[in-house]
Every structure is written in structure tokens, then in C-alpha cells.
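Bear in mind that the values here come from a model prediction, so they are computed numbers and not experimental data. Per chain, numbering begins at 1; letters A, B, ... match sequence-line order.
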2 protein chains.
Amino acid sequence: MPGQPSARGRRTTERKGDVRERAILDTCEALLAQKGYDAMTVGDVAQGAGITRGALYFYFGSKQEVVTALVARTVEHLWERSRATAQTDEPRQAIAAAMQRTVELWNEHGLVMRTAIDLSLTVPEIGELWKHTADLFVEAITRVLERAGIQAGTRPDQASAIAHALCWMIERTFYHASQESRENLQKASETCEHIWLISAGLIT
Amino acid sequence: MPGQPSARGRRTTERKGDVRERAILDTCEALLAQKGYDAMTVGDVAQGAGITRGALYFYFGSKQEVVTALVARTVEHLWERSRATAQTDEPRQAIAAAMQRTVELWNEHGLVMRTAIDLSLTVPEIGELWKHTADLFVEAITRVLERAGIQAGTRPDQASAIAHALCWMIERTFYHASQESRENLQKASETCEHIWLISAGLIT
DNA sequence: ATAAAAATCGACACTGTGTAGACTTTTCGC
DNA sequence: GCGAAAAGTCTACACAGTGTCGATTTTTAT
């Protein structure tokens, strides 16, 4: 059982197993879109990846582990992206940029993000992963609010508390909108941006 | 199979089955709290209700049907409650009252409400139930916003769109807070109220 | 070329679901 | 209070999917 997904990453020549592992994750993602988590069986994933169930269990210990790995792969991508984003000083610009980036994220990875949210409760590992991701967002929102003049602190009218609520608002709104259409996602984004701006005191 | 949960409600004498049905739902609720949906088995529920699996299937066709009935029972309660609530004219009061009621709702029924949200995706019946509940909330919020002077309409800065986002904000914030403690729930409520007030233009 | 490591397979044991038919208890009109 | 119909209950079974094991084949590196 390969412990870390990319533990073999530094190798020059790629092992056969690395290819398979990727194939498994890719198949899992496709099936998740097709039939959803519950209906998707380990046999399905194995078949899609061109191996038998028995062989799949060489790579992952369980169905949950497969999905956890998939979430980890996606979430890693999100972290990279958010690290790479330039920090703007002007709050209005920062908010617009953040929302734009979030739309792109959900357009690209909406399915896996929704799955992560759904399974956060039942798969502790995924819960951790998503919690960490949410924390990054909350921190970023908090910083912007503070820079916009909202007092720092955790009381209901202070930056940290407001940032939390805004983060959940964005998560849930995008969760639903991304299930429908890109248009809805864009519209939802504008609404969230508007509420964020108002909460920051940047518009009346 | 008893079609509607309360179809036998007008009877004077209560059938044995009515008692059992309630026992099943009560046990289900207790087990949901103890072990969660996935870990909870039909056998567990039957045992808790003092019957065998076979007998339980006389009442409900599946595990999902049991939980759906439980959600229906709870949600019916919510609807009653929201119908019974007096409508205030003054927006500030209306908002405070609504948030207070919501806190009570989540304190009393948080577990089932969280379950409903979690299963909305996988159990279409529950999805419908919850969607309808959310719609009631969105409508109520929309009315308050409009009365506070926010322009009616579905554009990002108009009442309906804002109400949607606020509804999701409240749902998600309460979902998380109700898992932790009553104190957190109360605090979360105050934060949401603050954002609602700001969005309504009632405070700066 | 070869031995160790990596990968694969098929068979098995187990758990939980839902169904079927026989059996028992309750209800209610008389 | 009697007896048939309705309501409720049970045990046994068939079936799906999960995860494990040991034997076997393929790949990799020397």
C-alpha cells in the first residue's frame, strides 16, 4: 500500500502503479459524476481502471480511502492556487478577485468539492481536509474585512465572526449553484460579492 | 403499509401499529444521534423498537423510508411553528424574532435538520422536504428585506437574490454551530442577525 | 539473467439489505 | 364473547457489496 499519493513523485521512471493509481482516481471522479457516491461500487471503479477489485485493494484500503485520495488531490490543487494568488491592497479589488477565483474553482472542481462537503461528516479524513480549506478562506476574508476597516475580533459585529458567516454563505450558495449551471454560479457569485461589500462597509 | 404517517390520526382508539411506528421513529432519532446514519442498521432500529427486522419492514419499505418519515415528522413541526408565528411589521423586530425562533428550532431539532441536509442529495424525498422548508425561509426573508426598503427582484442587489444567500448563510452557520454548543449557536445567530440587518440597510 | 519487489487475481468469509410465506395477535361486527 | 378478517410478527432465504488471503504473474533493478 503506497502511503502518500505522491511519495513516489521524485522517481525519474514512473512505476506502473503510479499510472494505475491515477487511473483509479480519474475513474472514481468520472463515476462520482455519473452515479454518485452511494451508487458507485468498488467493483465499478476497479473495472473502470482496468483491474479487478482485488487489485484495487492493493492501492487503497477501502472505497472511502479512494475518495479521500481524490479529494486530497483536488484540495491540494486549491491550496496551490490560493497560495499563488497575488494579494491586493485595495479591498474592493481583493474581493472582486477572490470571488472571480472562487467561481473558477467551482467551475473546474465543483463535483469533487461538493463530494468533499457531503462526506465531511462521515469520513473524518475528508472532514479535516475540507475544514483546513475553509480555514484558509475564512482567514483571507478576515484580512480583507480588517483592511476595509472592520474591527478585528470575534464578537458578532467583528471581522472574524463575520468572515465565518460569509464563508459558509459562499460555500453553500456555490454548492447549490454549481449543481445547476455556470450562469447561476456567476449570478450567485455577484450576490455574494454584493453582501460581502456591504458587510465590509464598502457600499451602502 | 401505512401510507401517510398520520393517516390513522382521526381514529379514537390508537392501533398497536401507531405506537410501534412512533417507537421506530423515536429509536431512529436516538440512534442517529448515537452512531449516525451510516453506522445505524435496520436491525438496530428494529431492536430498539422491540421488534425484529422483518416486522419493521411491515411499517417501512427501507432504511431510507424510516429516516424520511422522521424528517417529515420534524419538518411538519417546523412548518406549523412558522405558520403560528405572528408577522411583525417593524423589520428590526421581525428579524430579531425570526432569528430567535430559528435558534430554538435548531436547539430542539438540530440533529434531524442536519440529517435532512446531509441526506438531501442521496434521498430525493428528503431533498424535496428540505427544499420546501428552505423556500419558506427565503420567502420570509425576502418579505422582510422588501419591507425594509430593498428593491424587489432577482438581480444580485435585489431582495430575492440576497434572501437566498442569507438563507444559505444561516443554514450552514447553524448547521455547524449546532454541532458544537448552545453558546456557539447563540453567537452564530447574533452574527447572522448582524449581517442580515446590514444587508437590509437597517444599520451601517 | 535473476532474485526481490510490485502488482494481479480468484475464492472466501462476513455483514447488511430486502423479500416471502407461515404463523400469531388484535380488532370489530354480530 | 365469538369468529373471521385485518394487522402485526417471525424465521429463513436470496442477494449485493465489502474487505481479506494466499497463490501466482509481471516488473524492476542489478
May I ask you to decide whether A:Glu180 forms a salt bridge with A:Lys187, counting only side-chain N to carboxylate O separations under 4.0 Å? no
I'd like to know if B:Arg73 pairs up with B:Asp26 as an ion pair, taking the criterion as any Lys NZ or Arg NE/NH1/NH2 lying under 4.0 Å from an Asp or Glu carboxylate oxygen.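 Yes, this pair counts.
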May I have the distance from [X] (atom [atom1]) to [N] (atom [atom2]), rounded to whole angstrom?
| X | N | atom1 | atom2 | result |
| --- | --- | --- | --- | --- |
| A:Arg15 | C:dT8 | CZ | P | 13 Å |
| A:Leu56 | C:dG10 | CG | C1' | 15 Å |
| B:Tyr37 | C:dG16 | OH | P | 14 Å |
| A:Met40 | D:dT18 | CE | P | 9 Å |
| A:Phe60 | D:dG17 | CZ | C1' | 19 Å |
| B:Gln47 | D:dC10 | CD | P | 12 Å |
| B:Gln64 | C:dG18 | CD | P | 8 Å |
| A:Lys63 | C:dG16 | NZ | C1' | 14 Å |

Measuring to OP1 and OP2 of C:dT15, would you say a side-chain N or O of B:Thr41 lies under 4.0 angstrom away? no
Less than 4.0 angstrom between a side-chain N/O of A:Tyr59 and OP1 or OP2 of C:dT8, yes or no? yes
With rounding to the nearest 0.5 Å, note down the distance linking NE2 in A:His194 to CD in B:Gln158.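 CD of B:Gln158 is found 9.5 Å from NE2 of A:His194.
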Rounded to the nearest 0.5 Å, the OG1 atom of B:Thr27 sits from the CD atom of B:Glu29 at a distance of 10.0 Å
C:dA6 - base-pair partner by Watson-Crick or wobble geometry, distances under 3.5 Å: D:dT25
For D:dA16, the Watson-Crick or wobble counterpart (both distances under 3.5 Å): none
Nearest listed nucleotide, side chain of [X], among [options]:
| X | options | value |
| --- | --- | --- |
| A:Ile51 | C:dC9, C:dT17, D:dT9 | C:dC9 |
| A:Thr52 | D:dG19, C:dC9, D:dT9 | C:dC9 |
| B:Arg53 | C:dG10, D:dT9, C:dG18 | C:dG18 |
| A:Tyr57 | D:dG8, C:dG18, D:dG19 | D:dG19 |

When you check the side-chain N and O atoms of B:Trp130 and B:Glu171, is any donor under 3.5 Å from an acceptor? yes
Is C:dA6 in the syn or the anti form, by the rule that syn lies within 90° of 0? anti
